[in-house]
Amino acid sequence: GAIFAAIGAVAAQLTDSAGGARAIAISVLGVAYLLRVVGDVSSISGGDLAWVSWLSPIGWVQRISPYQDEQWAWLVPAVVLTVLFASLSVALSARRDIGSGLLPTRLGPANGAPSLGRPLALAWRLHRGLLAGWAAAFAVLGVVLGGVANGVGDLVGTNQTLRDVFTRIGGRQGLVDAYLVSIMGILGLIASAYAIQATLRLRVEEIGGRAEPVLATAVGRLHWAGSHLVFAVFGPAVVLLISGLFAGLTYGASIGDVGGQLPRVLEAAVVQLPAAWVLAAIAVALVGLLPRLAPISWGALVICLLIGLVGTAIQLNHWLLDLSPFTHTPHLPGGEIGAVPLISLLVVAALLGVVGLVGLRRRDIPVG
C-alpha cells in the first residue's frame with residue numbers, strides 16, 4: 001500500500017488531471033500484479049519464469065511470509081522503493097507549474113472534423129482511448145488466467161483429502177470449472193469498474209463545462225446522455241468478450257480442445273454482463289438524481305467486491321450476500337443458466353437507468 005501510494009504521488013505530478021494520474025498508477029499496479037501471477041504460476045508448474053515474481057513489489061511483500069517463517073529482510077526493498085518514489089514526487093512537484101503536469105497536454109486541431117457534429121461521434125472520440133486500454137488489459141488477463149486453468153489440478157498436490165473433495169465436486173474438470181467460475185466473477189467485477197467510469201464521464205463533462213456547449217445546440221439531454229451510456233452498456237460487453245475469447249482459446253489450446261472450451265468460457269463471461277449493468281445503472285441514477293454524490297457509485301462496486309471475496313468465508317447473512325448482483329449470476333461453466341435471475345437483474349438495471357435519465361432531464365445542468 002505504501003509503495004503504490006508513492007507511485008500514485010509520482011503519477012499525480014505527470015498529468016494535469018486526476019483521470020490521467022489514475023490511469024498511470026493503475027497501469028503500474030496491473031503490470032506488478034501480472035508479473036507476480038506469471039512468476040508464481042511458472043514456479044508452481046516448474047517453468048522457467050519463476051524469477052519474474054522478483055520484479056514485482058507485490059512479490060516482495062508476499063515473501064515476508066507472516067505467521068510462518070518471517071523474512072523481514074523483504075521489507076527493506078519495499079521501504080527503499082517507497083522512499084525513492086515519495087522523494088521523486090516531491091522533487092517533481094517543485095518543478096512543475098501549479099495546475100499542470102510535467103507531461104505536455106496534446107493539443108487538438110484548431111477545427112473539429114465534421115463527423116464530430118454528432119453526439120455519438122463526439123462520445124466515441126472521448127471514450128475510445130479508455131475502451132482501448134481496458135480491452136488490451138482484459139486480453140492480457142484472459143491469456144494469463146486461461147493459461148493457469150490447466151495447471152489448477154496440480155495445486156492440490158499429494159493432499160489426498162483435497163483430492164477426495166475435488167473428486168466429489170467433479171474431479172479435475174470440476175476443479176477447473178470452479179476456478180473458471182471464480183475468475184469470470186472477478187473479471188465481471190473489473191468490467192463493472194469500466195462501466196462505472198464510462199457512466200461518470202457524464203458528470204466529468206458537466207463539471208468541466210463541456211456539456212453546456214453541446215446542450216446549447218439542438219442536441220437534447222437524453223440524446224447527449226445516451227451517446228455516453230452506449231459505452232457504459234456495450235463497453236463491458238466488449239471487454240468481457242475479449243477476456244472470455246482469450247481465456248477460452250488459451251485454456252482450450254493447452255488441453256487440445258479449443259472447440260469445446262471456447263464456447264463454455266465465452267458463455268461464462270457473457271453472463272456477468274447483467275450484474276455489471278446494474279452497477280452502471282446505479283451510477284446513472286446518482287448522476288441524474290444526486291449528481292454531487294455520483295462518486296458514491298464506486299462504493300457499490302467496493303461492497304460487491306467485499307461480498308464476493310469474503311462474504312461466504314465469514315458467513316454473512318444470506319440477505320447481505322444477495323445485495324450483490326454478482327451473487328445472482330449463474331455459476332458457469334459447469335452450472336445451469338437460470339432465466340429468472342438474469343431477467344431480474346436486467347429489469348433492475350433498466351429501472352435504475354430510467355429513473356436516472358428522468359432525473360437528468362428535469363434537474364439543472366450544470367450542478368457543481
Side-chain angles (χ1 to χ4, degrees), residues 8 17-27 29-30 123-124 126-138 141 184-208 210-211 224-243 269-309 323-329 345-346 348-357 359-360 367:
S17 68
R22 278 196 299 268
I24 294 173
I26 291 174
S27 297
L29 174 61
W124 164 249
L126 296 173
H127 285 267
R128 64 185 183 184
L130 181 66
L131 179 58
W134 280 88
F138 268 71
L141 284 173
M184 287 304 159
I186 293 173
L187 290 175
L189 282 164
I190 300 174
S192 300
Y194 168 77
I196 293 172
Q197 189 175 10
T199 301
L200 292 182
R201 184 76 196 202
L202 288 169
R203 185 64 179 149
V204 171
E205 294 297 296
E206 179 182 357
I207 296 175
R210 296 181 292 274
W224 168 71
S227 65
H228 289 278
L229 295 182
V230 164
F231 296 91
V233 173
F234 292 103
V238 170
V239 298
L240 282 172
L241 284 172
I242 287 175
S243 65
V270 170
V271 296
Q272 307 299 323
L273 275 173
W277 287 336
V278 168
L279 293 186
I282 292 174
V284 175
L286 288 172
V287 169
L289 299 175
L290 301 168
R292 292 188 179 89
L293 300 181
I296 292 179
S297 52
W298 291 110
L301 176 61
V302 172
I303 291 173
C304 292
L305 181 63
L306 292 175
I307 289 175
L309 294 181
L323 290 177
S324 171
F326 290 93
T327 303
H328 307 282
T329 57
L345 290 174
L346 291 173
V348 170
L351 289 176
L352 287 172
V354 169
V355 169
L357 290 175
L360 181 67
V367 173

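Fair warning: this is a prediction, and the values are worked out from it, not measured in the lab.
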Testing the basics here: between [X] and [Y], what is the closest heavy-atom pair and its distance to 0.1 Å?
X: G8; Y: A25; answer: CA-CB, 4.2 Å
X: V239; Y: F138; answer: O-CD2, 3.3 Å
X: V284; Y: G353; answer: CG1-O, 3.7 Å
X: L202; Y: A225; answer: CD2-CA, 3.6 Å
X: V271; Y: T329; answer: O-CG2, 3.6 Å
X: L279; Y: A300; answer: CD2-CB, 4.0 Å

* Structure fact -> Residues at least two apart in sequence or cross-chain that pass ring-ring contact (aromatic ring centres under 6.0 Å, His included) with W277, listed by chain then number, are none
* Partners of F231 by ring-ring contact (aromatic ring centres under 6.0 Å, His included), sequence neighbours excluded? -> H127
Distance-only criterion, 3.5 Å: show the donor-acceptor pairs between side-chain atoms of residues 190-201 and protein atoms not counting sequence neighbours.
residue, atom, partner, partner atom, Å
S192, OG, G188, O, 2.9
Q197, OE1, W134, NE1, 3.3
T199, OG1, A195, O, 2.8
R201, NE, E205, OE2, 3.1
R201, NH2, E205, OE2, 3.0

* Do any N or O atoms from the side chain of Q272 and from the backbone of L187 form a donor-acceptor pair under 3.5 angstrom? -> no
* To do: State, yes or no, whether a side-chain contact exists between L189 and C304 at a heavy-atom distance under 4.5 Å.
  => yes
* Heavy-atom side-chain proximity of H228 to V287 below 4.5 angstrom -> no
